[in-house]
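Shown next, in C-alpha cells, is the structure this report addresses.
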Amino acid sequence: MTTTPTTATRTDGGAVFMNGNALRDEILAELKAKIDAEGNPEICLATVLVGDDKPSQIYVKSKGKKALEAGLQSRHVGLPGDIAQADLEAEVQALVDDPTVHGILVQLPLPDGLDAEPVLDLLPPEKDVDGLNERSMGRLVRGKAGHVPCTPRGVMRLLERYGIETSGKKAVVIGRSTLVGLPQVLLLGRKGADATVTLAHSRTADLVETCKDADIIIGAAGIAHLIKAEHVKEGATVIDVGVSRTADGIVGDVDFDAVQAKAAAITPMPGGTGPMTIACLMENTYDAYHMINGTTPA
Ligand code: NAD
C-alpha cells in the first residue's frame, strides 16, 4: 500500500509528513507476518557493543527490542571498552562461525584504540547486515546481491512509500561517508531509481547554489539546521538523516519549521530516518537468513 500525498498527514505548511515511526511499524509487522507464514524459523540478529557509550547502548537496546517485535531472535554480546583488538576479533569470528546467527551488527564507533576495519572485514557478506564492509560495498557498486547499509536503504523505503518519483529527478546528497552519503548516491543513481545525483560535502563551495534546483535533498552532514528555506526549491522532498545533540534535544540537518513551508514532503527529526534504519536492519537480517539457506523469502 502506498500513501499518496493526498491521504498522508501534512505539516502546518502543507508538506507531506514522512512518518518513519509509522513506516517502521508497518515493516516490522510485515516481517512478522512473513516469518509466521514460514513456520517461525529462528532468525537471529547478534549485536556487538564494545564499551559503555550511552547513545550506543540505547541504539543497541532498541535494535534488540525491535528484532523481537519483528519475530526475529536477538543475541547481545557486550564487551569491555578496554578489550584487546585480537579478543574482539575472536568474539566476532565466533559469531561468524555460529550457524544459528544470521546477521551480525557491530555497533560503531568502537572505543579509541580499536580498529573497526579488520573487525568488519571478518563478516561474510551474507551476515554483514549493516552492509558496511568492503565486500558488501563492492556488491552494491557492482549491482550484485548483498546487504545495503540500513540508513540509505531506509531513505529509499521512505521515498517509495510516499510515492516520491526519483526517475529523472535531481537529487543532492549532503555528506560523503561510507555509512550514509556514498551508498545513498549509489542507490539513488542506480537503475530503477534513476535519479541524477550530486554529492555535496564540507568542501562544496556554495551549498545553497548546489541545492536550490534539487527535487530531492538528503541531509547527512550532522550539522544542526544546515539546510534552510533558501536551500530548498518550492515543492522539493527533503529528508533529514543528520543527528545533532543539543541542549534542546536532538536536532536534524534540516531547519524543519522553515523548510516545511516550502517542501512538498519532509521527514521529521527525530521520527523519520532513525526508525527506518532499524526497520531496514531487520529486513536485512530476514534477507540474511534466506541468503544463507539459499531459500526464497515469502
Ligand atoms: P560523517 O561525519 O562521517 O560524515 C559527515 C559528512 O558531512 C562528511 O562527508 C562531510 O564532508 C559532510 N559535511 C560536514 N559539514 C558539512 C557542511 N557544512 N556542508 C556540507 N557537507 C558537510 O557522518 P555520518 O556517519 O555520515 O553521519 C552523518 C550524520 O547522520 C550524523 O549526524 C549521524 O549522527 C547521522 N546518522 C543518522 C542515522 C539515522 O538513522 N538517522 C544513521 C547514521 C548516521
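Counting convention: from 1, in listed order, for ligands and their atoms alike. The chain is numbered in sequence order, starting from 1.
Nearest to atom 21 (N) of ligand 1 among the protein's heavy atoms is H201 C, 3.0 Å. In this structure, the protein non-hydrogen atom closest to atom 4 (O) of ligand 1 is S177 CB, 3.9 Å. The single protein non-hydrogen atom nearest to atom 9 (O) of ligand 1 is R176 N, 2.8 Å, given as residue, atom name and distance. Scanning all protein heavy atoms for the shortest distance to atom 41 (N) of ligand 1 gives T273 OG1, 3.0 Å. Atom 6 (C) of ligand 1 has G175 CA, 3.6 Å as its closest protein atom, hydrogens excluded (heavy atom only). Looking from atom 11 (O) of ligand 1 to the surrounding protein, the closest heavy atom is S202 N, 3.0 Å. Here the heavy atom of the protein found nearest to atom 27 (O) of ligand 1 is V180 CG2, 4.3 Å. Looking only at heavy atoms of the protein, atom 28 (C) of ligand 1 is closest to A220 O, 3.3 Å.
Applying the 4.0 Å criterion to heavy atoms of I174 picks out, from ligand 1, the atoms 20 (C), 21 (N). Listed by number with element, the atoms of ligand 1 under 4.0 Å from a non-hydrogen atom of G274 are 40 (O), 41 (N).
Between V243 and ligand 1, at least one pair of N/O atoms sits closer than 3.5 Å.
Between atom 18 (N) of ligand 1 and the options T210, L108, L226, L207, the minimum heavy-atom separation is to L226. Of the candidates G242, A224, A221, A221 brings a heavy atom nearest to atom 13 (N) of ligand 1.
Taking the side chain as every heavy atom from C-beta outward, T100 and E42 never approach each other to under 4.5 Å.
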Return all side-chain donor-acceptor pairs below 3.5 angstrom for residues 238-248, not counting sequence neighbours, or 'none' if the list is empty.
residue : atom : partner : partner atom : Å
D240    : OD1  : G242    : N            : 3.4
D240    : OD1  : D253    : N            : 2.8
D240    : OD2  : D253    : N            : 3.2
D240    : OD2  : V254    : N            : 3.1
S244    : OG   : G222    : O            : 3.3
S244    : OG   : A224    : N            : 3.4
R245    : NH2  : Y59     : OH           : 2.8
T246    : OG1  : D248    : N            : 3.1
T246    : OG1  : G249    : N            : 3.4
T246    : OG1  : G249    : O            : 2.8

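Within 6.0 Å of the CG atom in D206, the count of heavy atoms belonging to other residues, nucleotides or ligands exceeds 12. For N293, the CG atom is densely surrounded, since the number of other residues' heavy atoms within 6.0 Å is greater than 12.
Every residue two or more places apart in sequence or in another chain was checked for a ring-ring contact (aromatic ring centres under 6.0 Å, His included) with H231, and none qualifies.
Contacts of T151 with ligand 1, taken as heavy-atom pairs under 4.0 Å, involve the side chain alone. Within the 4.0 Å heavy-atom criterion, the part of T277 lying near ligand 1 is the side chain and not the backbone. Residue contacts with ligand 1, taken as heavy atom pairs separated by less than 4.0 Å, involve V241 via backbone and side-chain atoms alike.
Not a single heavy atom of G181 sits under 4.0 Å from any atom of ligand 1. Ligand 1 has at least one atom lying under 4.0 Å from a heavy atom of L179.
Atom 2 (O) of ligand 1 is never approached by the protein to below 4.0 angstrom, counting heavy atoms only.
Between L45 atom CG and L281 atom CG the span is 5.0 Å, to the nearest 0.5 Å.
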